[in-house]
Each structure stands twice: as C-alpha cells, then as structure tokens.
2 protein chains.
Amino acid sequence: MDASINLEPLRQTFTLKERIYQVLREAILEMDVYSKNTDLRLDERKIAQQLGISRTPVREALVRLENENLIEIKSRIGVFIKKRSIDEVAELVVVWAAIESMAARLACGQVSQEEVEELELIGVKDTSENQDVYSEANIMFHRKILELSKCNMLKKIGEDIFAQIEPARRHAMRDPTRTEQSISDHAEIVNAIQSNQPEKAANLVREHTLRLEKYIRKTWKNLDT
Amino acid sequence: MDASINLEPLRQTFTLKERIYQVLREAILEMDVYSKNTDLRLDERKIAQQLGISRTPVREALVRLENENLIEIKSRIGVFIKKRSIDEVAELVVVWAAIESMAARLACGQVSQEEVEELELIGVKDTSENQDVYSEANIMFHRKILELSKCNMLKKIGEDIFAQIEPARRHAMRDPTRTEQSISDHAEIVNAIQSNQPEKAANLVREHTLRLEKYIRKTWKNLDT
DNA sequence: GATTTTTCTCTGGTATACAAAAAACCAGAT
DNA sequence: ATCTGGTTTTTTGTATACCAGAGAAAAATC
C-alpha cells in the first residue's frame with residue numbers, strides 16, 4: 001500500500017503550561033542572576049497578567065521549574081529565582097565532568113572522520129580575540145562531545161546539568177588568559193577521540209572539566225551576602 | 001512563663017502537592033510496570049477523589065512527576081505511567097555508571113576506616129540465598145558509594161537516575177547466578193577505595209555497572225509490544 | 001521612645017466552575 | 001454486518017473564587 005499519501009502525525013502540543021514553561025526557563029537562564037540589582041522574585045499573578053492568562057498554567061510551569069532547581073517556591077512567601085552557591089555549582093561541575101567524560105569514552109571508536117572534523121572545527125579554532133565567541137564555541141564543543149557519544153540520555157542529562165551551571169559559569173568566566181590553555185586541551189581531546197583511545201579521552205575530558213571547577217572556586221566573585 | 005503548655009513546633013511543610021507527589025512517586029516506583037495487566041493510566045479525578053481533595057494539587061504533583069520522566073501527560077488524552085524501552089533503560093544505566101564511577105573516584109582518599117567497613121559490610125556479605133535480600137543489599141552498596149563521595153549533587157542526581165532504572169532492573173533481574181560475581185566485584189571495589197587507588201576504583205565501578213547494562217539487554221523479557 | 005500586640009495586606013495553596021478536545025457511542029444508510 | 005456521520009460522554013486544560021499563612025505596618029502598651 002505505498003500509494004497512500006502518508007501524512008505526518010501533526011502533534012499539536014499547544015498547551016499553555018508548556019509554552020509558559022519554555023518562556024520562563026529561557027528568561028531565567030539568560031538573566032544575570034548574580035548581579036546585585038536583579039529582582040529574584042517572580043510573582044505568579046503578575047506573570048499571568050502580563051501574559052494575559054490565568055494563574056493555573058503559570059503555576060504548573062513554576063512547579064516544573066522548581067523541580068529543575070531553577071527556582072524556589074516558598075509556600076505563602078513567594079517564588080524566587082535560585083542563586084546557586086559556589087559549592088553547589090562546583091559540585092554540579094563535578095557531575096558534569098563525570099558525564100562528559102563517559103561521553104568522550106563512548107565517542108571513541110564510533111565516530112566518523114567527518115564528525116571528528118566537525119568537533120575539531122568547533123573546539124580548536126582560535127577564538128581568543130573575543131571572549132563571547134570563545135565562550136560560545138566552548139559550549140558547542142562540549143555539546144558536540146555529548147552528541148558524539150550517541151547516547152541520548154547522556155546528552156539530555158548532560159545538557160540539563162549544564163543549564164544549571166551556565167549562569168554561574170558566565171558569572172565566573174572573565175579571565176581571557178584561560179583561552180589558550182583551553183584550546184590546547186581541546187586539541188588533545190580531539191586527538192584522543194580520533195585515534196580511538198577511550199581511556200585517554202575520558203581522562204582528558206574529566207581533567208579539563210575539573211579544571212573549570214577549580215577555576216570557578218578561585219575566581220568566584222561573591223556578590224551576594 | 002512555664003505555665004503555658006508549650007507545644008512542639010509542628011513542622012508544617014504540609015503542602016498537599018508535596019505529599020501527593022511523594023505518595024504517587026512511591027506508588028509508581030513500587031508498581032510492576034512491566035507486567036501485562038497493569039493499568040498504566042492515572043486518573044486525576046479518581047486520585048483526587050480517593051485522597052479527598054481537589055484536582056489542583058494532584059495536577060501539580062503530576063506535572064512534577066512528568067518532569068522526572070516517570071509519567072507522561074498526553075494533552076487532553078490522559079496521564080500514563082511511563083514504561084521505558086530497553087534502550088532507554090540501558091542508556092540510563094550508562095549515565096549511572098558515569099556518575100557512580102566518579103563517586104568512587106572521589107571517595108578514595110577521603111573515607112575513614114569506619115566508612116570503608118560500613119561499605120564492606122553492606123556489599124560483601126553473602127546474600128545469595130535470598131534474591132530479595134541480595135537485591136536490597138546491592139542497592140545499598142551503590143547508594144553508599146554515592147554517599148562516600150561527599151558530593152551532594154552527585155548523590156542526588158545519581159539517586160534520581162537510579163529511581164528511573166529501578167522498575168526495569170527489577171524486571172530484568174532474575175538470575176541468581178549473578179550474585180557471586182557481583183559480590184567479588186564489590187570486594188575488589190572496597191579494596192580499591194580502601195587502598196586509595198582512585199583510577200582503579202573508578203574503573204571497577206564503571207565496568208561493574210556497565211555489566212549490568214549488558215545483562216539487562218540480554219535478559220530483557222519483552223512483555224510489551 | 002521602645003516594645004509588644006494587633007490588624008491588614010500580600011502571596012501562594014486549594015477548591016470549584018467552565019471550556020475544549022478526544023474518545024465512545026449510536027443510529028441510519030449501504 | 002459494516003461503514004459513516006453526527007452526538008454524547010468523558011477527561012483534561014484553563015479561569016475564577018476563596019482560603020490561610022507570613023510579614024509588614026499600625027496601634028496599643030509600658
């Protein structure tokens with residue numbers, strides 16, 4: 001029966017709570033949480049009003065965000081964007097290192113030449129002249145490793161954790177001298193993956209990421225009390 | 001004023017959505033999801049009615065459970081307990097291996113003699129006569145490793161992932177011959193941690209857990225379509 | 001004026017009512 | 001008997017209304 005037209009499923013996921021969740025999540029992640037004069041309070045009612053809807057779907061979105069540790073709902077007091085402590089962030093980086101390291105290990109021996117080249121292109125090119133460009137490329141490099149693991153769960157959980165780290169990472173990362181070190185690290189990692197050395201690749205990635213942990217601990221600017 | 005009755009604080013973290021969340025979560029995790037005649041549907045109203053409350057807090061609990069991947073809320077169709085595919089479970093075990101391996105690595109060099117003994121007690125004693133006892137001890141052993149890492153995030157995320165694996169693990173684990181292998185693995189792991197060999201401990205834990213992955217893939221009884 | 005008590009407001013928590021979409025049902029035509 | 005089409009029922013999504021606790025402001029007390 002190949003004659004029938006075979007249309008796509010057309011899954012209409014048009015629920016408000018879903019859209020609000022995404023909007024709020026993005027807004028929170030892009031906000032400079034650690035700046036002094038940022039209002040960390042979220043008001044259900046105000047949000048609902050601004051979006052022209054009722055509180056119910058907003059609340060459901062907030063519950064979800066709380067479950068992802070991005071906000072904190074204090075009963076009968078208020079909803080607040082969570083500002084992670086240096087310890088929490090550092091620990092999250094450790095988890096991230098664990099996951100990323102496993103991803104690199106898995107990537108070995110199952111990547112095409114083409115994929116390695118993509119990875120190299122992202123991670124090794126010199127971006128030191130521009131801090132933002134470097135930062136972006138850095139993220140992409142680590143994302144790509146997760147992807148090359150071909151393990152969807154690893155990728156998904158890795159990205160979730162990264163989302164929690166990201167605001168703090170932006171806060172701490174201000175030192176351009178780190179760039180060159182990072183690029184040479186990346187080159188080594190690419191090399192290990194390409195030459196199918198899982199143990200080495202895993203170790204390199206782990207140490208590379210744990211270096212970020214040390215760095216964050218060292219340069220953390222304690223803006224909050 | 002010692003004359004007044006001075007009651008206890010009555011720790012009132014008593015929000016319904018929180019309690020419902022916990023109740024439902026436990027119920028779902030203990031349920032044999034993979035059995036043929038298990039009703040995978042959850043009815044908001046029925047749950048609310050059974051608990052004698054309104055739908056609202058039930059829904060918020062459900063949103064949270066969905067965010068944890070334990071259930072799926074299909075818009076305007078219904079709420080269903082999620083039955084993970086073998087591939088998803090296997091991938092989750094890989095993530096778990098990554099985290100647990102890092103935990104073992106961190107545990108090295110920061111555990112007391114006492115803690116090592118606790119770990120040994122849990123993981124090495126012969127429990128092969130009783131499958132359930134063995135299974136329970138096995139879980140405890142891995143929990144303990146997460147704990148000894150002294151990294152709260154590692155522990156928390158590790159346990160979250162384990163919760164997602166657990167139903168499938170129970171489903172697949174039926175082979176008692178695995179027990180002795182497991183115990184000797186555990187002994188080696190304890191030994192590596194005790195003698196402060198991070199690299200070795202990490203490798204042992206990883207391979208031990210990845211063996212579970214292979215095992216699950218092999219013995220998976222495909223009860224669903 | 002300082003401290004305690006009271007009140008009042010603000011905010012999230014819960015219940016209920018209504019709307020909309022999917023699924024089940026049913027009757028008539030073929 | 002089966003298919004088709006509309007209709008009813010069921011179930012979720014959203015809106016609204018009300019409740020209760022926490023904290024601030026105001027009032028009373030010393």
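In what follows, every chain begins at residue 1, and chains take the letters A, B, ... in the order their sequences are listed. Values in this document were obtained by computation on a predicted structure and should not be read as measured data. As a basis for the values below, the full set of heavy atoms in this structure was taken, side chains included, without hydrogen atoms, waters or symmetry mates.
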Rounded to whole Å, NZ of A:K74 lies from P of D:dA22 at a distance of 13 Å
Here the distance between atom P of D:dT16 and atom CD of A:E44, to the nearest Å, is 15 Å
Per atom distances to the A:I77 side chain, the nearest of D:dG23, C:dT14, D:dT14 is D:dG23
> At under 4.0 Å, does any side-chain N or O of B:R45 touch on OP1 or OP2 of D:dT11?
Replying inline: yes
Report task. Indicate yes or no: at least one non-hydrogen side-chain atom of B:E30 is less than 4.5 angstrom from one of B:E166. Result -> no
Taking D:dA15, D:dT12, C:dG12 as options, the one with an atom nearest any side-chain atom of B:D43 is D:dT12
Contacts of B:G78 and A:R76 projected onto DNA chain D by closest heavy atom; the upstream (5') one is B:G78
Q | Distance-only side-chain donor-acceptor flag, A:E26 / A:Q22, under 3.5 Å | A | no
Inset, instruction - Assign A:L42 to base, sugar-phosphate, or nothing according to its heavy-atom contacts below 4.0 angstrom with the strands shown. - result: sugar-phosphate
(message) Applying a 4.0 Å non-hydrogen cut-off, can you work out what B:T56 is touching in the nucleic acid: base, sugar-phosphate, or nothing?
(response) base
**Prompt:** Is the number of heavy atoms from other residues, nucleotides or ligands within 6.0 Å of NZ (B:K214) greater than 12?
**Reply:** yes
Between CD of B:E18 and C1' of C:dG12 the distance, given in whole Å, is 15 Å
To the nearest angstrom, the NZ-P distance between B:K17 and D:dC19 comes to 20 Å
Between CZ of B:F80 and P of D:dT11 the distance, given in whole Å, is 11 Å
Checking A:L65, A:L29, A:I71 against A:L24 for side chain to side chain contact (heavy atoms under 4.5 Å, CB included), the one that qualifies is A:L65
Remember a base hit wins even if backbone is also touched, and classify A:E60 as base, sugar-phosphate or nothing at under 4.0 Å, heavy atoms.
nothing
The single option from A:I165, A:V89, A:L70 that satisfies side chain to side chain contact (heavy atoms under 4.5 Å, CB included) with A:R84 is A:V89
note: A:R41, atom CZ; D:dG23, atom P; distance rounded to Å ~ 11 Å
| task | Assign A:L62 to base, sugar-phosphate, or nothing according to its heavy-atom contacts below 4.0 angstrom with the strands shown. | result | nothing
B:S54 side chain N/O closer than 4.0 Å to the phosphate oxygens (OP1, OP2) of C:dA15? yes
Between CD1 of A:I53 and P of C:dA19 the distance, given in whole Å, is 18 Å
Rounded to whole Å, CD of A:E72 lies from P of C:dT11 at a distance of 17 Å
